[in-house]
Participant: 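Take a look at this one; I'll ask things after.
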Amino acid sequence: MARLVPHAETTATNLARVLRLHALPSTPWEPRQRAVAARRLLEELGVRCDESAVLHDLKGFLLSSPRGTELVVSRDLDDEQRLEVYAHLVAHALLGPDGPELALAARFEYVPGRAPGERPPNELREEVLADAVARAILAGRLEAAPRLIYCRDLGPGRGRFSRAVLRGLHLGSLALYRRSRSYQRLRSLPVVTALTERVHSFLGSAA
Amino acid sequence: MSDRDEVQVARWSGIKGRVGSCLRELRQSDAATGNGSRSQARLAGELEDLGYHVTQSMVSRYEQGLLEAPLTLERMVGWALCCEALSSRAFKDLLALAGYYLPWHAADLIAFDDLLRSYRQLSLTDQVVVRTRLLWHILGIGTSQPGGEAA
């Protein structure tokens, strides 16, 4: 379970839902309202947000410890950029450390062109993946990302065989998603998302 | 002086030499990271940015183990975070020396070293913001409060 943000999966799902609702043609929200709604949701879910920091290399950063989680965002960002930072850091929280809860964890969001030249390969890999997941959150379609990213529980399944097949499919999808930008684009297509949802419903629901 | 203060001062007297040399080593070891030794004046300025009033002269006397006033945990952590040479192991050892147990396991130590590595690559402006927040997370100090702690 990701620990960078408490209940990261719930937070990401709800953030995507709020952004989807606020993007409906019947109720088109201004970027300002979307950013405020996102911040309010995060705070309701226990994440402190500070949008007043004076930052130079960073657009924002996330710090998490047993004392809580906080998102610090540069005061120079506009509403859209602030929303992107929130989505990106929540995406990092979904992808963040499994295993035991860390005493202290952090993620930095760099201003384009100001990231350090030498970053560890695992950090760069996570960055690419977080980009894709953040796009899914911002589009209000978290399901455009592989299910194992935002939901570790695959359901009871129809039986041992179908459960194993389902797990294999999801793991394969996640592995492809991690490695291939083309697959990320393919996976985000509504028709592919619908197909994977149907396959999951068929194999994942209890007999 | 109350009994409690007497105990605190006696305890500080017992460790101030070792804590001082440990802090001096952290500051001077900045040279090993290729950035040159951090001057006492610069360190005093950075502690000021964190909200702690520690003058250059106090830095010097703390390092020599001459100051009778105990260096608080908050300032010790702030001091350490300002030094480029800080590592998770050195941090844990420093706090242990001062009698504070940091309940970090191997994974925590690795994560903290990673965090320090990324943090040191930031501009000074960003480092100050991150450092202030880190203090809160390590010690539970409210970001608006450290000024009130100043001597």
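Quantities reported herein were computed from a predicted structural model and do not represent experimental measurements. Each chain gets a letter, A, B and so on, in the order its sequence line appears, and its residues count up from 1.
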Participant: So B:Ser118 and A:Tyr110, do their side chains get closer than 4.5 Å, heavy atoms only?
Facilitator: yes

Participant: Kindly indicate whether the side chain of A:Val72, heavy atoms from C-beta on, has any atom under 4.5 Å from the side chain of B:Val130.
Facilitator: no

Participant: Counting only heavy atoms closer than 4.5 Å, note whether B:Leu134 contacts chain A via side chain, backbone, both or neither.
Facilitator: both

Participant: When you compare the side chain of B:Asp108 with that of A:Leu104, does any pair of heavy atoms fall below 4.5 Å?
Facilitator: no

Participant: If you count every heavy atom of other residues, nucleotides or ligands that lies below 6.0 Å from B:Arg120 atom CZ, does the total exceed 12?
Facilitator: yes

Participant: Is the shortest side-chain heavy-atom distance between B:Arg117 and A:Pro120 below 4.5 Å?
Facilitator: yes

Participant: Counting only heavy atoms from other residues, nucleotides and ligands, does the tally under 6.0 Å from CZ of A:Arg48 exceed 12?
Facilitator: yes

Participant: Side-chain contact, heavy-atom cut-off 4.5 Å: B:Val129 with A:Phe61?
Facilitator: yes

Participant: About how many Å separate CG of A:Asp57 and CD of B:Gln121, when rounded to the nearest 0.5 Å?
Facilitator: 10.0 Å

Participant: Contact between A:His56 and B:Leu124 at the side-chain level, heavy atoms closer than 4.5 Å - yes or no?
Facilitator: no

Participant: Check this for me: A:Phe161, atom CZ, are more than 12 non-hydrogen atoms of other residues, nucleotides or ligands nearer than 6.0 Å?
Facilitator: no

Participant: Report the option among A:Leu58, A:Val54, A:Asp50 that has the most heavy-atom pairs separated by less than 4.5 Å from atoms of chain B.
Facilitator: A:Leu58

Participant: Let me know if A:Ala103 has heavy atoms under 4.5 Å from chain B in its side chain, its backbone, both or neither.
Facilitator: both

Participant: Where is the tightest heavy-atom contact between A:Leu63 and B:Arg133, given as atom of each residue plus distance?
Facilitator: CD1-CB, 3.4 Å

Participant: Roughly how far apart are A:Leu55 CG and B:Gln127 CD, rounded to 0.5 Å?
Facilitator: 12.0 Å

Participant: How long is the gap from CZ on A:Phe108 to CG on B:Leu122, to the nearest 0.5 Å?
Facilitator: 5.0 Å

Participant: What is the distance from atom CG of B:Leu115 to atom CZ of A:Arg107, rounded to the nearest 0.5 Å?
Facilitator: 10.0 Å

